[in-house]
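One structure is given below, represented as structure tokens, and several questions about it will come after.
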2 protein chains.
Amino acid sequence: MTITQLYYVLAVAEHQNFTKAAEKCFVTQPTLSMQIQKLEDELDVQIFDRSKKPIELTDVGRKIVTQAKNIVNESYRIQDIVDQQKGFIGGEFKIGIIPTVMPTLLPMFLKTFIKKYPKIKLKIEELTTEEIISRINEGHLDAAIASTPLGNDNIKERVLYFEPFVGYIPNHHRLHKSGKIQIDDLEIDDMLLLEDGHCFRDGVINLCKAFKDHADDSFQLESGSIETLVKLSDEGLGMTLLPYLHTLNLNEKEKQNLHYFVEPAPAREVSIIYHKSELKMQIIEAIQSVISGIIRGAIAFENVQIISPVSK
Amino acid sequence: MTITQLYYVLAVAEHQNFTKAAEKCFVTQPTLSMQIQKLEDELDVQIFDRSKKPIELTDVGRKIVTQAKNIVNESYRIQDIVDQQKGFIGGEFKIGIIPTVMPTLLPMFLKTFIKKYPKIKLKIEELTTEEIISRINEGHLDAAIASTPLGNDNIKERVLYFEPFVGYIPNHHRLHKSGKIQIDDLEIDDMLLLEDGHCFRDGVINLCKAFKDHADDSFQLESGSIETLVKLSDEGLGMTLLPYLHTLNLNEKEKQNLHYFVEPAPAREVSIIYHKSELKMQIIEAIQSVISGIIRGAIAFENVQIISPVSK
DNA sequence: TGTTTCTATAAATTTTATTGATAGTTTTTA
DNA sequence: TAAAAACTATCAATAAAATTTATAGAAACA
């Protein structure tokens, strides 16, 4: 039994297809067929049920795959140990970022980061929270930046910053004249919502639930939708809440529609998240430190108080 | 990187000697030299410091060895999964037994066991508790039977039985005339002790500590020493305590010197112990069930009450 | 200083992994 | 339902690798 064989098994299990799996492994299809057969012979058990189309795992196969993932992952950690020893921080690193964080955080972060860690090849992908979770679990993503807490046992979280929400209230709206707004002022029916599962924290948690109950009636917006949200709001479809960093990009006219919350303002918790196996922690810590440094400057104004996160 | 290479590294790390390690791996010494060099080249790091004699691990080497143990162990589990699936209970199984359990338990156990599980090749070794712990941790022992609790985080325990102690009080002794004895009757100075760290449990725990404090003054007896203990006691060197199962082998005259404790009698906890990685659990469970069955018959008499074990 | 013990190296050999070509199935499509 | 496409297994050839025997060289030993 070799690590390579286990790796091949994982590839076939994932793609349910020898040919595609072979491509991903950069070998030919007979290689996979033969190596997997060899492993099956050695263990004297069928890992795949080849009678089903597409190919399926047998019951033992499923258990073997779980264990194989362990072994393959643990084998990567050997290189990790060596890197750590050498103080080498580099290599390819795949990171996912949720759409509502991507456009505000990335421009600030990227330049500083690649300057400080030129040996790391970042591969950044914009993904929904759901996609992120499954890809971290599948091992296709080294880390991600998302709104937390997720409450997923396989995924660890390190809080990067708390980003307050700011009310965006257009002309005609009943709250437009008021100064600072309060959570109690909000009404679900005239609110435009973001899709990305941003949950308010602490005392505001009930509000969040109320939102969820009404989710079907509300707008569901996808990637790059914050601009659309503002436009729709301008059109009289209701007020909305913007993550603070997005308000920095508004034009002067739009900024006049901003209403800050009385403190403590509702905020979203933005974290860097990664699989519990803690691979490539040096790089994760590097990203964390760079972002924390940047954010200390960006989110530091008086009328918002940072509330500690909910512990689930 | 292959599992074989990691296995070779473990062998050299253990024996601190390429030649001996090679023998244990059933390959020639150049094979180890070359494969380990290859791994070192691939990782671009020295695992062993060959300038030291005997050979030593480097700092990274130590970390790599820890991780390599993980990987190699996890790889064994694949076979475990397959065995479990097939309901196959067999293969080689190395078990250690402490000297004071060996002669009483083994004769009762062995016949039943090999009849019920003919495919398991048991390799039984008489070892001290200390030896057992280190060998389980090194992976050279699949399980062991010892007096517990050990309080070792890497080792799991499953209680097999509680074996009461019986006082052995020769003619001349001050307690000889009394009927059932009590823990408070015992005095350290006229007691002959067993080496093997049998700790009394519960309320008797202090007594145990008192024993340990005086350990230097007392007799220290090794393997097969229970007979010696009885003989020494007969010679007037003091009373002693015998594990119940040993009393069954005494001759009639010796049996007259036995004094049972008033209940609850002090007892030792005898468990099957194994590494936390839980390899070969099917076999461990098989052994556990056979022994439990046997013991239910053997230790079932009235004047002893089993006390639940101390949780450390 | 000679002897022993141990590891590294070299060349030869055996074993294993991989490939390209292709045959045999099953599924898809026209 | 026949033809095409997609997919896996098998075969022989080849490339790559692990292992071995033989040996050289270094360090420890006596």
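Here is the naming used below: chain letters follow the sequence lines, and residue numbers restart at 1 for every chain. Hydrogens, waters and symmetry mates are skipped; everything else that's a heavy atom, side chains included, is used.
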- For side-chain contact (heavy atoms from CB on, under 4.5 Å), just list the numbers for B:Phe93 and B:Ile287, CA-CA rounded to whole Å, side-chain angles, deciding distance to a tenth of an Å, and then say yes or no. CA-CA 11 Å; B:Phe93 192 88; B:Ile287 293 171; 3.6 Å; yes

- Query: Does any residue of residues 39-48 of chain B have a heavy atom under 4.0 Å from DNA chain D, and if so, which ones, in number order?
  - Reply: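 Heavy-atom contacts with DNA chain D come from no residue of residues 39-48 of chain B; none.
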
- Are there more than 12 heavy atoms of other residues, nucleotides or ligands under 6.0 Å from atom OH of B:Tyr117?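 Yes, the 6.0 Å shell around OH holds more than 12 heavy atoms from other groups.
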
- Is the count of non-hydrogen atoms from other residues, nucleotides or ligands lying under 6.0 Å from B:Lys123 atom NZ greater than 12?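 Counting neighbours around NZ of B:Lys123, 12 or fewer heavy atoms of other residues, nucleotides or ligands fall under 6.0 Å, so no.
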
- Task: Estimate the overall bend of the helix from C:dT1-D:dA30 to C:dA30-D:dT1 from the end axes over five pairs each, rounded to 10 degrees.
- Result: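 Computed angle between terminal axes is 30°.
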
- Message: Holding to side chain to side chain contact (heavy atoms under 4.5 Å, CB included), I want the full list of residues that pass it with A:Lys121, two or more places apart in sequence or in another chain.
- Response: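 Expected list: none.
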
- Message: Using a 4.0 Å heavy-atom cut-off to protein, can you give one letter per nucleotide of nucleotides 3-9 of chain C, 5' to 3': B if the base is in contact, S if only the sugar-phosphate is, - if neither?
- Response: ---SBBB

- Close approaches to DNA chain D from residues 56-63 of chain B, in residue order (heavy atom, under 4.0 Å):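 None - not one residue of the stretch has a heavy atom sitting under 4.0 Å from the strand.
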
- Message: Pair B:Lys20, B:Glu23 - check salt bridge (Lys or Arg N to Asp or Glu O under 4.0 Å), show working.
- Response: CA-CA 5 Å; B:Lys20 278 178 200 159; B:Glu23 279 173 32; over 6 Å; no

- Message: What I'd like to find out is whether the side chain of A:Ile273 reaches to under 4.5 Å of the side chain of A:Leu150, using heavy atoms alone.
- Response: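 The answer is yes, as the side chains (C-beta and beyond) meet within the 4.5 Å cut-off.
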
- Closest contact, heavy atoms only, A:Leu141 versus A:Ile95: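 Taking A:Leu141 first and A:Ile95 second, the nearest heavy atoms are CD1-C, 4.0 Å.
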
- Query: Hey, mind stepping through A:Glu125 and A:Arg135 against salt bridge (Lys or Arg N to Asp or Glu O under 4.0 Å) and telling me if it holds?
  - Reply: CA-CA 11 Å; A:Glu125 230 182 322; A:Arg135 291 191 197 197; 3.0 Å; yes

- Query: Nearest heavy-atom pair of A:Gln79 and B:Leu43: which atoms, and what distance?
  - Reply: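 Nearest heavy atoms, A:Gln79 then B:Leu43: OE1-CD2, 3.6 Å.
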
- Kindly indicate, with the supporting measurements, whether the criterion side chain to side chain donor-acceptor pair (under 3.5 Å) is fulfilled by B:Gln67 and A:Arg77. CA-CA 8 Å; B:Gln67 182 59 11; A:Arg77 181 155 312 161; 5.0 Å; no

- Would you indicate, yes or no, if D:dT20 has its OP1 or OP2 atom less than 4.0 angstrom from a side-chain nitrogen or oxygen of B:Thr28?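 Answer yes for this pair, as a side-chain N or O of B:Thr28 is under 4.0 Å from OP1 or OP2.
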
- Item | Reading 5' to 3' through nucleotides 13-18 of chain D, protein heavy-atom contacts under 4.0 Å coded B for base, S for sugar-phosphate only, - for none | ----SS

- Item | Least distance between heavy atoms, B:Glu74 atom then A:Asn70 atom |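 Taking B:Glu74 first and A:Asn70 second, the nearest heavy atoms are OE1-ND2, 3.9 Å.
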
- Going by distance alone, is a donor N or O of one side chain under 3.5 Å from an acceptor N or O of the other, for B:Gln29 and B:Ser33?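 There is such a pair (donor and acceptor under 3.5 Å, judged by atom type) between the side chains of B:Gln29 and B:Ser33.
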
- Item | Heavy-atom pair of closest approach, residues B:Gln16 and B:Ile55 |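 Residues B:Gln16 and B:Ile55, closest heavy atoms: NE2-O, 3.5 Å.
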
- Task: Taking all heavy atoms of A:Thr58 and all of A:Gln46, pick out the closest pair and write down the distance.
- Result: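 Smallest heavy-atom distance, with atoms named: OG1-O, 2.7 Å.
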
- For residues A:Phe48 and A:Glu40, report the shortest heavy-atom separation together with the two atoms involved.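 Scanning both residues, the minimum pair turns out to be N-OE2, 3.2 Å.
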
